[in-house]
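Here's the structure we're looking at; comments come further down.
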Amino acid sequence: MQKLLKNEKLFNAIVPVIAAALGMIVGAIIMLLGNYDPIAGFSALFNGMFGSPKAIGETIRAATPLILAGLAVAFAFKTGLFNIGVEGQLLIGWLASVWVGYALDLPTVLHIPVAILVAALAGGFWGLIPGFLKARFKVHEVIVTIMLNYVALYTTAALIKKYLYAGNEKSYKIDETASLSSSLLSSLTDGSRLHWGIVVAIIASIIMWFLIEKTSIGYELRAVGFNQHASMYAGMNVSRNIILSMTISGAFAGIAGAMEGLGTFQNMTVLSAFTGTGFDGIAVALLGANNAFGIIIAALLFGGLSTAAPQMNFDANVPSELIDIIIALIIFFVASSYLIRLILSRFSKEGK
């Protein structure tokens with residue numbers, strides 16, 4: 001136990017596991033208090049997540065944009081920034097990918113990469129705005145990104161209605177050459193909507209890990225996140241790194257939008273409210289301890305919870321809203337890592 005407490009990396013990896021377990025335990029207690037059967041509820045939940053090939057496919061499909069949204073949040077965290085505007089950056093990237101997928105006539109080998117790249121550039125531009133305002137005028141990024149979320153929501157809706165409207169509150173569908181959908185993956189998972197976007201998300205995770213851990217740019221970004229004044233004293237350009245961090249963060253979010261536009265839906269809806277994926281990315285990043293590979297696991301959990309909630313309601317008569325409570329509890333326990341450390345140290349002392 002003492003070794004666990006001294007090994008910071010191991011402790012950071014174990015906290016999310018404990019947090020998820022505690023969230024499930026407290027969720028079971030809430031079920032009991034509401035006169036629901038927790039065994040039947042969690043059995044239905046896990047069946048809905050992993051109980052069939054289709055359930056597994058839908059879990060992975062739902063996790064794909066969450067992985068990228070989590071990467072976006074985590075990348076900004078690494079530089080000491082809180083990008084709460086992932087939702088807006090995602091919407092801008094979604095629209096950009098759908099426009100490229102519909103308007104351009106390219107072969108598949110070019111159409112998909114170009115659509116994803118344009119989505120990344122669009123999301124990156126939307127992230128650059130709060131980054132520039134933070135670096136140049138010291139405007140807090142949380143305030144700017146919250147406002148830009150609403151600007152993105154209503155701007156995308158207006159642009160769809162003016163230039164891409166196909167009726168029924170939807171844009172035109174993208175061309176087949178820009179689609180990430182896969183008949184192979186769908187047939188392997190009994191007709192799920194699983195698409196090749198999961199490969200893009202894994203590649204993006206590897207890129208983030210390499211960029212943060214193995215490059216001089218990543219070293220500077222982390223140094224600025226630890227201490228801006230010390231970084232400036234060491235000769236680093238703090239303003240440039242803040243702008244770069246928010247731009248790259250926005251690019252990841254834009255690609256998350258492309259996964260919805262090119263993969264799951266093949267178009268974009270005129271939205272009157274947020275999708276929630278960008279905000280869920282904050283929880284995914286927290287549960288994944290801001291680690292690129294931890295985020296993949298956290299996104300699979302959150303994606304599975306979201307897709308399996310209806311089955312828990314149908315099979316066990318447990319309200320699907322309980323999933324939101326469990327997710328909130330998991331976040332609470334992750335945020336209470338100091339408390340978990342204190343409890344573990346107490347056990348360690350008693351054992352000794």
Side-chain angles (χ1 to χ4, degrees), residues 13-67 69-70 73 87 189-194 198 260 264 271-289 294-344 346-347:
I14 223 73
V15 164
V17 177
I18 297 173
L22 289 173
M24 296 290 184
I25 291 169
V26 177
I29 294 171
I30 294 173
M31 283 190 208
L32 287 172
L33 293 175
N35 293 320
Y36 300 110
D37 184 353
I39 296 176
F42 281 119
S43 176
L45 181 66
F46 289 124
N47 280 334
M49 293 170 69
F50 309 113
S52 67
K54 185 173 184 178
I56 294 171
E58 285 298 321
T59 293
I60 297 172
R61 191 271 312 164
T64 299
L66 286 174
I67 292 171
V73 175
E87 181 74 20
T189 53
D190 287 349
S192 78
R193 293 175 292 171
L194 180 61
I198 185 61
E260 299 289 63
T264 302
L271 298 169
S272 58
F274 295 122
T275 65
T277 302
F279 300 117
D280 288 342
I282 299 172
V284 169
L286 284 172
L287 187 60
I295 284 170
I296 294 175
I297 298 171
L300 287 170
L301 173 62
F302 277 69
L305 289 173
S306 64
T307 57
Q311 184 159 339
M312 188 174 72
N313 181 234
F314 295 145
D315 292 355
N317 200 31
V318 176
S320 56
E321 289 79 9
L322 189 67
I323 292 297
D324 294 328
I325 296 175
I326 292 173
I327 290 173
L329 287 168
I330 291 172
I331 297 169
F332 170 78
F333 286 118
V334 170
S336 303
S337 58
Y338 173 78
L339 181 61
I340 295 174
R341 182 188 290 273
L342 181 64
I343 293 170
L344 289 175
R346 284 289 178 88
F347 277 118

* Asked: After noting the C-alpha distance and the side-chain angles of V26 and F333, does the key distance pass the side chain to side chain contact (heavy atoms under 4.5 Å, CB included) rule?
  -> CA-CA 11 Å; V26 177; F333 286 118; 3.9 Å; yes
* Stepwise side chain to side chain contact (heavy atoms under 4.5 Å, CB included) test for L329 and I30 -> CA-CA 11 Å; L329 287 168; I30 294 173; 4.1 Å; yes
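Evaluation of the ring-ring contact (aromatic ring centres under 6.0 Å, His included) rule for F279 yields F274 as partners, not counting sequence neighbours. Qualifying side chain to side chain contact (heavy atoms under 4.5 Å, CB included) partners for I29, counting only residues two or more places apart in sequence or in other chains: I25, L33. With sequence neighbours excluded, the residues forming a side chain to side chain contact (heavy atoms under 4.5 Å, CB included) with I56 are F50, I60, listed by chain and number. With sequence neighbours left out, the side chain to side chain contact (heavy atoms under 4.5 Å, CB included) criterion links I331 to A283, L286, I327. Checked against side chain to side chain contact (heavy atoms under 4.5 Å, CB included), V17 has no partners two or more places apart in sequence or in another chain. Remark: T307 pairs with no residue by the side chain to side chain donor-acceptor pair (under 3.5 Å) rule, at least two apart or across chains. With sequence neighbours left out, T275 forms a side chain to side chain donor-acceptor pair (under 3.5 Å) with E87.
When all heavy atoms are compared, the tightest approach of A62 to S306 is CB-OG, 4.2 Å. Shown here for L322 and G27, the closest heavy-atom pair between the two residues is CD2-O, 4.3 Å. The nearest pair of heavy atoms linking G51 to A55 is N-CB, 4.1 Å. The shortest heavy-atom contact between T277 and A69 is O-CB, 3.8 Å. Counting all heavy atoms, side chain and backbone alike, S192 lies closest to G57 at OG-CA, 3.6 Å. Contact detail for I295 and I67: the closest heavy-atom pair is CG2-O, 3.6 Å.
Residue pairs meeting the side-chain hydrogen bond (donor to acceptor under 3.5 Å, both in side chains) criterion with at least one member in residues 14-42: none, sequence neighbours excluded. Listed by first and then second residue, the side-chain hydrogen bond (donor to acceptor under 3.5 Å, both in side chains) pairs that reach into residues 50-61 are E58-R61, E58-R193, sequence neighbours excluded. Residues in residues 311-333 take part in no salt bridge (Lys or Arg N to Asp or Glu O under 4.0 Å) pair, two or more places apart or across chains.
Rounding to the nearest 0.5 angstrom, the gap separating the OG1 atom in T64 from the CD1 atom in I296 is 10.5 Å. Atom CE of M312 and atom CG of N47 lie 12.5 Å apart (nearest 0.5 Å).
For I297, the CD1 atom counts as loosely surrounded, since its 6.0 Å shell holds 12 or fewer non-hydrogen atoms of other residues, nucleotides or ligands. Atom CG of L32 has more than 12 heavy atoms from other residues, nucleotides or ligands within 6.0 Å.
Side-chain contact between L45 and L305 is present, with heavy atoms from C-beta onward closer than 4.5 Å. Using a 4.5 Å heavy-atom cutoff, the side chains of M49 and L300 are not in contact.
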